[in-house]
Number of protein chains: 2
Amino acid sequence: MAVSRERRVPAWAQIADAVRAQISAGELAPEDRLPTEAELMARHDVARSTVRQALTALVNEGLIVPRAPRGYFVRNRKPLFYRPQQEFRAQPAYPEMDRFMADHSAEGREPKQEIEVAIVDPPADVRKRLNLAEGELAAVRRRIRYLDGEPYNTNDSYFPLAVVQGSEIMNPADIARGANEVLRELGYPQTRTLDEIYIRMPDPNEIKRLELGPGTPVACHICTGLCDDGTPIRVVVNILPGDRHVIVYERDGMELRK
Amino acid sequence: MAVSRERRVPAWAQIADAVRAQISAGELAPEDRLPTEAELMARHDVARSTVRQALTALVNEGLIVPRAPRGYFVRNRKPLFYRPQQEFRAQPAYPEMDRFMADHSAEGREPKQEIEVAIVDPPADVRKRLNLAEGELAAVRRRIRYLDGEPYNTNDSYFPLAVVQGSEIMNPADIARGANEVLRELGYPQTRTLDEIYIRMPDPNEIKRLELGPGTPVACHICTGLCDDGTPIRVVVNILPGDRHVIVYERDGMELRK
DNA sequence: TAGTGGTCTAGACCACACT
DNA sequence: GTGTGGTCTAGACCACTAC
């Protein structure tokens, strides 16, 4: 079972292809252990680093996970639904949703979150969206959400400090009625939002905060909340690991009809 | 400038950190060339494969791009807006172009698309969303969209074959008034949609079709179109490379008010 | 203690873009 | 031709887990 020595395709790529084929054929199921490096060396008659190059490629594709020194394992993806539209309302979905819900339910899992409030000089992208001048400060509520003790996503909400100073938003505890309701009481009802979703690899800080393995991309969901007159009042930066989320939007007739 | 030999942090990680810091500090700007491998070997006093391990990590983070044999370069991200909410709207400006083209030709870039129509046994995930029985066939319009000759995204629209057989949808050419309008004429007006967005690394097929470099994650945007009675009539699978897209949604007062 | 992957070295030959 | 990254070999030592 040696690799082809005509160099049309690198040996490491041939090995990666073979393993990839086994995975997509179901011969290797999620959570299964791969053959050891030594076994792959023997099977394909190559040096160890060639095998490792193949395995590293598969790791970075998100297909397998190394769990030293136990071996490599086929990755198990279990994404849950993430619904930007339901952050601010508890509206029932259309019944068709149920067809997809079963696969992605968080039922029976233990949610937890850590909240931290700080006054910061906001990062440039947040400053721009909040329309703050240079030097103007922001309040940020940083949350890390967990399911069954595993980090699920992060949620950093930025507000102009001048608006929320002294309000309940500065208190690092859950706000039962929602931060949005507090903003309304403060005279800044949020009536429109702009959602931007960036797809990229995580930075080292995000990897640490969310305990991300290699080969795990993230969605960066930036939600800018606006008042009626267009004043930005809130910027939420969500980091959503790709192996733990499906982002879902529903759109109805109103917006589909020109 | 040698690496620290206390093994708290691997040498390759220290080198990667150093380069990463230079990039985020702006010392290395997008499109700049990195030091050669030989230079990094000398600078950090390590073997070549250690340097390569550091560079491979940065490549897989999407931070740098290898352009052999010219060197490594800092990656340049130029994402364009992708607006699911406007994909199905009327096309006022240029009736011969679909919405995608109208949006981007204004930016001075040359849009192009390749359309291909086929009758297929749909993949399992599409079959499920279209609510088709085992063995029922679907028609698929496969599109690859280009900007300035570079692949931008792919867009595969699936329809129940029984519905669209013999219609304009089976013709591999642009449909000026939109496939949605054709569905309406056929008696299946699409009045709601469900958007799902998955974040993952591309598979080899997608890498080839979209000419993706390593370290480029994709969003898989699956849009299921429904009739008033909930019958699914259309499933669109979009593959959106992360370095070329920002997904944008707007939400207004209607849906924000509980 | 044995076996695993993690790290690192010191070589080698190749294809290709530039000059 | 020169220099670059791409590929590959054949070793070595380490830390950790499972037995």
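Chain naming here is simple, since letters A, B, ... match the order of the sequence lines and numbering starts at 1 in each. None of these values were measured; they are calculated from a predicted model.
Near-neighbour residues of DNA chain C inside residues 202-213 of chain A, defined by a heavy atom below 4.0 Å, are absent. Of the residues in residues 53-72 of chain A, those lying under 4.0 Å from DNA chain C by heavy-atom distance are A:Pro66, A:Ala68, A:Pro69, A:Gly71, A:Tyr72.
Sequence neighbours left out, the pairs with a member in residues 51-60 of chain B that pass salt bridge (charged side-chain N to carboxylate O under 4.0 Å, His left out) are B:Glu37-B:Arg52.
We find that CZ of B:Arg48 is positioned 13 Å from C1' of D:dT9, with the value rounded to whole Å. Rounded to an integer number of Å, the gap from A:His44 NE2 to D:dT9 C1' is 17 Å. Taking atom CD on A:Glu37 and atom P on D:dG11, their separation rounds to 17 Å, with Å as the unit. When rounded to the nearest whole Å, the span between CG of B:Asp45 and P of C:dT7 equals 19 Å.
The closest side-chain heavy-atom distance from A:Phe73 to A:Ile64 is not below 4.5 Å. When side chains are defined from C-beta on, A:Pro66 counts as touching A:Val59, because their heavy atoms get closer than 4.5 Å. The closest side-chain heavy-atom distance from A:Asn153 to A:Pro241 is below 4.5 Å. A 4.5 Å side-chain heavy-atom check between A:Gln113 and A:Asp174 finds at least one atom pair inside the cut-off.
Considering only residues two or more places apart in sequence or on other chains, A:Tyr152 meets the ring pair (Phe, Tyr, Trp, His ring centres under 6.0 Å) condition with A:His245. For A:Glu31, the side chain to side chain contact (heavy atoms under 4.5 Å, CB included) partners are A:Arg67, A:Asn76, not counting sequence neighbours.
Nearest nucleotide to the A:Arg52 side chain, out of C:dT7, C:dC8, D:dT4: C:dT7. For B:Arg33, whose side chain is taken as the heavy atoms from C-beta onward, the closest listed nucleotide among D:dT4, C:dG5, D:dT9 is D:dT4. Side chain of A:Thr50, nearest nucleotide from D:dA12, D:dC8, D:dG6: D:dC8.
Residues B:His221 and B:Tyr82 bring their aromatic ring centres within 6.0 Å.
Interatomic distance, B:Arg33 CZ to B:Arg70 CZ, rounded to the nearest 0.5 Å: 9.0 Å.
Pairing each heavy atom of B:Arg142 with each of B:Ala118, the nearest pair is NH1-CB, 3.9 Å.
Residue whose closest nucleotide on DNA chain C sits further toward the 5' end, between B:Trp12 and A:Pro35: A:Pro35.
With the 3.5 Å cutoff on both pairing distances, Watson-Crick and G-U pairs in DNA chain C assemble into runs of at least 3 at C:1-18 with D:1-18.
With hydrogens and angles left out, the side-chain atoms of A:Arg75 and A:Thr216 include a donor and acceptor closer than 3.5 Å.
Backbone-only contact: B:Thr36 has heavy atoms under 4.0 Å from sugar-phosphate atoms and none from a base.
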